[in-house]
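Worth saying up front: this structure is predicted, and the values here are computed from it rather than measured.
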Amino acid sequence: MHSTHHGRRSLGILAGLIVILCLNEIALDVPVVSAVAYYTEKPAFLPSCRIYEPGFTKCSTNSIQKLLEQLGIGIPEVLERFGPFDPMRVRNIIFKQDNNEVATIRANLTELVVKGFSQTKVKESRVSKKDFGWQTKLYLPKMRLDGKYEMAGRILLIPLSGSGKIFIEIDDLDILLLTKTRLYEKGGFTFDNVTAVRVQLNLTRVRTNLDNLFNGRSKEVERSTNQFFNDNWRDFYEALKPLIIETVESILFDVMSTVFHLIPANFFVEDIPTPQQLYGPKKNS
């Protein structure tokens, strides 16, 4: 009787293991549904606007705000190609600035992570009827960049040489975003190809910290130098302004290139012309 009970129990355990293994096999064999190349139906989160009707700028501002909010939640195709919107991983930046009164530096920034873009507020989104480029006013309450740096040169007359961790934190960041585009056709839809991005920045505060300044020779000098940069943050920002602008431009170019190759321009601007209507018919070479 005992051996029969033991046998049934063993069979029960074995059956349970088989079920678990089968479920694992099923889970592993489920094909991953690949993200679409581009949208052929307008997503529900996105309001459409008509550029030749009154109230377009207000409608466009709301449309871009809804897009940014959805990026914060997560758009599967953007996550697959670009990664999370916030925190966001940024490609490496190699920076060189010579013959400047406030800074002469060479810097490599790697393993960059930027936080804060999910809180972006769109103050205004204008689209040119002439070339369908954009002028967009954005506001971020706080943007923070973390990464690793290698730096040599001088900032505010202080000679620097070191490598380590860095963070730059910016408060009340206003961005004027100027975007050039070239329309192209794909699958019967009109798309925006982002060709150039330029930004102008205004802000109220910058905080920073660079670990291992002077290659760790003096922690006290490192601490006092970081304190000096933070006490004189306006001068520090002017010194690193080209680097910060390049970082923001790189972020926005990569985000917009990903999004606007995915979502047709027709879904943002219903009455956008085709490339042929805007540029004329293609010339045979």
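Exactly one residue among D192, D131, N193, V127 makes a side chain to side chain contact (heavy atoms under 4.5 Å, CB included) with T181. That residue is D192.
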**Prompt:** Are W233 and R205 close enough, and set up right, to give a side chain to side chain contact (heavy atoms under 4.5 Å, CB included), and what steps lead you there?
**Reply:** CA-CA 7 Å; W233 67 267; R205 188 76 167 89; 2.9 Å; yes
**Request:** Please step through side chain to side chain contact (heavy atoms under 4.5 Å, CB included) for the pair Q200 and L178, ending with a clear verdict.
**Result:** CA-CA 9 Å; Q200 297 173 18; L178 304 171; 4.3 Å; yes
**Request:** Would you sort out whether F229 and L156 count as a side chain to side chain contact (heavy atoms under 4.5 Å, CB included), showing the intermediate values?
**Result:** CA-CA 9 Å; F229 288 156; L156 306 181; 4.3 Å; yes
**Prompt:** What's the verdict on side chain to side chain contact (heavy atoms under 4.5 Å, CB included) for L67 and F267, showing C-alpha distance, side-chain angles and the deciding distance?
**Reply:** CA-CA 11 Å; L67 170 66; F267 296 164; over 6 Å; no
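Side-chain atoms of Y237 do not come within 3.5 Å of backbone N or O of I244 as any donor-acceptor pair. Counting only distance, with no hydrogens or angles, the side chain of K115 and the backbone of D146 share no donor-acceptor pair below 3.5 Å. No donor-acceptor pair closer than 3.5 Å links the side chain of S257 to the backbone N or O of D254. Although no hydrogens or angles enter the test, the distance criterion places no donor-acceptor pair under 3.5 Å between the side chain of N266 and the main chain of I272. Looking only at distances, a side-chain donor or acceptor of D271 sits under 3.5 Å from a matching main-chain atom of I51. Judged by distance alone, with hydrogens and angles left aside, the side-chain atoms of D86 form a donor-acceptor pair with the main-chain N or O of G116 at under 3.5 Å. Side-chain atoms of T195 come within 3.5 Å of backbone N or O of K180 as a donor-acceptor pair. Judged by distance alone, with hydrogens and angles left aside, the side-chain atoms of N212 form no donor-acceptor pair with the main-chain N or O of K165 at under 3.5 Å.
Residues E169 and F167 approach most closely at N-CD1, 4.1 Å, considering heavy atoms.
Here the CZ atom belonging to F82 is positioned 11.0 Å from the CE atom belonging to M256, to the nearest 0.5 angstrom. Remark: D171 CG to L203 CG distance equals 8.5 Å, nearest 0.5 Å. To the nearest 0.5 Å, atom CD1 of residue I166 and atom CG of residue L213 are 8.5 Å apart.
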Listed pairs under 3.5 Å, donor-acceptor, residues 38-45 side chains, sequence neighbours left out:
| from | atom 1 | to | atom 2 | distance (Å) |
| --- | --- | --- | --- | --- |
| Y39 | OH | E77 | OE1 | 2.9 |
| K42 | NZ | L46 | O | 2.5 |

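In this structure, R126 places its CZ atom where only 12 or fewer heavy-atom neighbours from other residues, nucleotides or ligands lie under 6.0 Å away. Annotation: E69, atom CD; neighbour count of heavy atoms from other residues, nucleotides and ligands within 6.0 Å is above 12. The number of heavy atoms from other shown groups lying within 6.0 Å of CG (D231) is above 12.
In this structure, T61 and K58 have side chains that are not in contact, with every pair of non-hydrogen atoms separated by 4.5 Å or more. Side-chain contact between Y52 and K129: present, with at least one pair of heavy atoms (C-beta onward) separated by less than 4.5 Å. F214 has its side chain within reach of L160: a pair of non-hydrogen atoms, C-beta onward, lies under 4.5 Å apart.
In terms of the side chain to side chain contact (heavy atoms under 4.5 Å, CB included) criterion, residue partners of E111 (sequence neighbours excluded) are, by chain and number, K148.
Side-chain atoms of D211 and Y149 form no donor-acceptor pair, as typed in the model, at a separation below 3.5 Å.
Checked against a 6.0 Å centroid threshold, the rings of W134 and F268 do not count as neighbours.
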